[in-house]
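Take a look at the structure set out below.
Note that these values count all heavy atoms, side chains included, but never hydrogens, waters or copies made by symmetry. Reminder, nothing fancy here: chain letters follow the sequence lines and each chain counts from 1.
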2 protein chains.
Amino acid sequence: MSAFNKLVAHSQKISHFEHLAAIVGWDQAAMMPSGGNEARSSAVAELSVHIHSLHTQPQLADWFAQAEQETLNTQDCATLRELKRQWQQANLLPESLVQAKSLAGSKCEHAWRSQRGDNDWQGFEKNWAEVVKLSQEEAQIRAEANNLTPYDAMLDIYEPGTSSESLDRLFNDVKTWLPDLIDQVIEKQSTEHFIEPQGTFETSKQKALGLEVMKLLQFDFEHGRLDESVHPFCGGVPSDVRITTRYDENEFVQSLMGIVHETGHARYEQGLPTALAGLPSGEARSMGIHESQSLFFEMQVGRSDAFIQHLAQLAGKHFTQHDKALFTQENFQKLYTRVKKDFIRVDADELTYPAHVILRYEIERDLINGNIKHTDVPELWDSKMQQYLGLSTQGNFKNGCMQDIHWTDGAFGYFPSYTLGAMYAAQFMASMKQSVDVDGAIRSGDLSPIFTWLSDNIWSKGSLLTTDELVKQATGETLNASHFKQHLANRYL
Amino acid sequence: MSAFNKLVAHSQKISHFEHLAAIVGWDQAAMMPSGGNEARSSAVAELSVHIHSLHTQPQLADWFAQAEQETLNTQDCATLRELKRQWQQANLLPESLVQAKSLAGSKCEHAWRSQRGDNDWQGFEKNWAEVVKLSQEEAQIRAEANNLTPYDAMLDIYEPGTSSESLDRLFNDVKTWLPDLIDQVIEKQSTEHFIEPQGTFETSKQKALGLEVMKLLQFDFEHGRLDESVHPFCGGVPSDVRITTRYDENEFVQSLMGIVHETGHARYEQGLPTALAGLPSGEARSMGIHESQSLFFEMQVGRSDAFIQHLAQLAGKHFTQHDKALFTQENFQKLYTRVKKDFIRVDADELTYPAHVILRYEIERDLINGNIKHTDVPELWDSKMQQYLGLSTQGNFKNGCMQDIHWTDGAFGYFPSYTLGAMYAAQFMASMKQSVDVDGAIRSGDLSPIFTWLSDNIWSKGSLLTTDELVKQATGETLNASHFKQHLANRYL
């Protein structure tokens with residue numbers, strides 16, 4: 001057996017254990033009763049140790065050295081590139097650092113769950129100091145191995161190939177027009193009237209509505225399902241994708257669009273190349289590209305006039321005991337495009353969201369590169385919030401720098417993916433519209449032409465191409481903010 | 001670290017992987033969409049190989065040899081005994097035989113799923129020949145290792161310590177009085193009238209009713225849940241027990257008592273000693289004892305006058321649109337104690353069930369011991385059915401020897417557990433009644449005294465005692481059929 005084939009077999013073996021991890025992870029969030037948590041956590045930890053031991057087996061180094069001498073076709077070259085990337089990532093950090101960061105992160109995150117509510121920055125800061133320090137150490141090791149700056153080395157975990165140089169360029173562009181655009185839109189919307197949902201929207205009806213919308217989006221129910229969890233997510237494996245949502249019986253707006261969002265993630269997973277199952281080249285390209293698919297569904301398709309019409313009509317069919325005026329297309333459009341300057345990223349609308357992300361990016365970049373101290377963060381947060389959204393977070397830590405879970409356990413480098421995803425999605429849509437009658441397809445209720453384009457250009461490619469290659473092949477150009485700007489102006493002005 | 005402690009740590013490690021297997025197994029039966037099956041099966045097979053490799057690590061032989069020289073307290077001695085038993089079972093068979101039997105079993109079982117409906121004995125027999133041959137080889141190897149007859153060596157997998165000698169004694173006793181008793185009861189019931197459920201019993205209401213009954217039976221919802229599957233079962237792990245049922249909207253009788261049955265299994269698991277979690281000494285004693293708990297719930301408690309009264313009242317509360325006469329205690333009693341001679345074991349009532357089991361036991365014993373050929377089975381089945389239940393299965397293979405899944409993949413030695421369970425349950429109840437006011441407890445709606453007895457005498461013991469010791473300590477005598485006979489006579493005559 002060639003060394004390359006040995007690596008392939010080894011990767012497939014690892015993927016079987018990752019399959020188990022994905023399913024029990026879904027179960028832990030969506031099904032498990034609380035009393036099962038302790039034993040489950042031990043079982044999952046044992047599995048993680050086993051997966052790590054498979055990633056770090058000593059013979060792999062030889063196999064990679066040999067495989068690089070073997071003659072491989074283009075696809076296998078890409079597979080080898082991704083296998084090696086994964087292997088290097090798994091072997092880069094000393095075990096002691098991984099454990100120390102995991103411990104410090106768990107401790108900080110756990111305490112944060114109550115400290116946030118108490119607005120207790122002093123308490124939080126003490127735990128967080130250790131997380132930041134260990135993350136900086138991690139970034140330093142990654143930086144030296146990959147010849148990158150520390151922050152770019154962290155970015156590379158989530159967005160391989162992306163640099164802070166290109167993020168600066170993209171985000172600085174956005175910063176030149178976004179604050180003005182937000183002000184204009186808020187001014188425009190200030191005189192609009194609309195009806196907000198009131199009264200009870202039963203969970204069972206919301207679920208039935210959600211399932212119907214998933215059907216419209218051609219979610220493959222032979223290879224996936226919808227359930228409930230406190231924090232909605234898309235999990236499972238490509239042959240069996242598990243998405244979740246959270247129902248609030250006082251309104252249906254959030255959960256309904258949440259399902260559209262997760263369905264975008266799910267269809268990407270369901271559309272990955274089955275011939276490459278069990279190999280990193282058959283997996284999703286990056287967090288940003290993953291988010292581009294969920295946001296393509298949620299923002300590009302989901303909030304289009306044509307799709308809003310479907311949503312309004314379907315919702316009206318399920319909630320027969322409410323005022324019909326709630327379910328007009330016009331009212332739905334207003335419900336789903338309200339813009340508001342506010343503190344909380346996860347509740348932010350499409351237009352203000354990038355401001356939240358850019359703020360975080362600029363702070364975490366300087367923090368990981370050692371240009372600021374972790375104690376500088378609250379003040380920087382306040383000044384950037386004032387600058388981008390005109391809001392002060394002075395003394396308001398819980399709605400300021402303590403609002404997100406990401407930094408509590410050291411996931412620095414993740415935030416940019418959200419806005420990269422939104423930009424990719426806008427660029428994909430602009431390109432798609434050159435060959436596909438998108439509005440006509442949505443209006444007809446058969447969205448197949450849209451999904452065929454996504455499948456051909458994104459889903460079926462897995463990680464065979466680099467992100468830049470993928471985007472260039474799909475759209476004819478590398479990522480830039482112009483399509484995003486145009487999209488926002490079209491929708492909101 | 002002592003060799004014993006090394007063995008303990010190794011067992012806990014294995015139990016973590018078995019935890020994962022239990023949860024993904026539950027998921028496969030209760031949650032997984034069909035398209036997920038192929039990848040899931042590969043992942044589960046990989047996990048099985050890993051678990052097997054842990055059971056067969058070469059250093060274990062040394063650890064056992066050393067541990068047997070170490071000074072251990074009584075509990076640790078029992079743990080060592082069970083660890084060794086488990087290790088021997090896992091190492092007894094050559095890999096080639098395990099694989100061949102697994103393949104032949106899968107092939108036979110898969111084909112049987114359609115052959116049964118076609119009454120195709122000729123087709124089935126060809127595949128089954130190989131399963132029987134390999135099972136005989138397995139039995140021979142087990143027999144030589146344990147100095148037992150081949151069939152007793154198979155029995156030992158499911159019922160450690162039980163022999164066909166003792167089964168012959170117990171079952172021959174039953175055969176002296178059961179056929180007459182069945183005839184008497186059928187004669188007595190022939191003039192009784194009762195109302196059968198008709199119309200629609202919605203799944204959601206059946207589920208709500210089932211959950212209420214589980215609450216009455218003090219199922220711990222912090223450590224378990226109820227779901228649906230085609231074949232009801234009790235799975236998961238002691239800290240998180242997953243039971244399932246199947247709802248038929250035409251009636252609620254089966255599903256309701258099915259839930260009571262699975263709750264019995266579940267409470268045994270939930271009541272196992274947590275201090276021995278991850279060790280075989282902390283697991284359920286045997287299949288027969290497990291079945292004794294489900295049948296204690298279903299037959300001893302569940303069909304008692306006092307409990308039937310609860311069931312009737314609760315069902316009437318949930319199914320408000322049906323004739324109230326359906327939900328009287330008297331009618332429920334008749335619904336739940338109908339006796340009928342029929343072909344199918346899984347549909348059999350409490351009274352005729354042992355006849356089905358004894359028939360299978362006698363045939364599989366002679367088959368595995370090589371005293372009959374597998375082609376003799378249909379004729380033997382027919383003659384024994386005529387003898388025990390007065391029914392002929394001449395030419396009726398699908399309702400005769402092809403009705404059960406057990407033999408298709410070579411699970412010989414399992415069937416006796418069902419009737420052993422029924423006998424243990426009757427003997428436990430007789431003993432319990434000497435110190436506990438069982439009827440009073442049930443009538444009051446607080447069944448705690450019953451569960452305290454079961455916990456003290458059965459659940460909390462795990463596998464620390466042998467089955468004989470367990471039964472003798474709990475009831476003052478080893479297993480005999482007299483309590484079972486008395487119980488049936490009391491209930492049905």
Of the non-hydrogen atoms in A:R242 and B:M32, which two are nearest, and what is the gap between them?
NH2-CA, 3.6 Å
Is the shortest heavy-atom distance from the side chain of B:H19 to the side chain of A:E46 under 4.5 Å?
no
Side chain proximity check, B:I23 to A:I23, heavy atoms < 4.5 angstrom:
no
Measure the CG-CG distance between A:N37 and B:D240 for me, rounded to the nearest 0.5 Å.
9.5 Å
Which pair of non-hydrogen atoms, one from A:E222 and one from B:S34, has the smallest distance, and what is that distance?
OE1-OG, 2.5 Å
Can you confirm whether B:K13 is buried at NZ, in the sense that more than 12 heavy atoms of other residues, nucleotides or ligands lie under 6.0 Å from that atom?
no
Answer yes or no: are there more than 12 heavy-atom neighbours, outside A:E38 itself, under 6.0 Å from its atom CD?
no
Parallel, tilted or perpendicular: which fits the ring planes of B:H50 and A:F17, with parallel below 30° and perpendicular above 60°?
perpendicular
Heavy-atom count check: over 12 atoms from other residues, nucleotides or ligands less than 6.0 Å from B:Q321 CD?
no
To the nearest 0.5 Å, atom CG of A:L20 lies from atom CG of B:L47 at 5.5 Å
Kindly give the heavy-atom pair with the smallest separation between B:A43 and A:H16, and that separation in Å.
CB-O, 3.6 Å
For B:P33 and A:G224 the tightest heavy-atom approach is CG-N, 3.3 Å
Can you say whether A:R40 sits under 4.5 Å from chain B via the side chain, the backbone, both, or neither, judging by heavy atoms?
both
Under 4.5 Å from any heavy atom of chain B, what part of A:H223 do you find: side chain, backbone, both or neither?
both
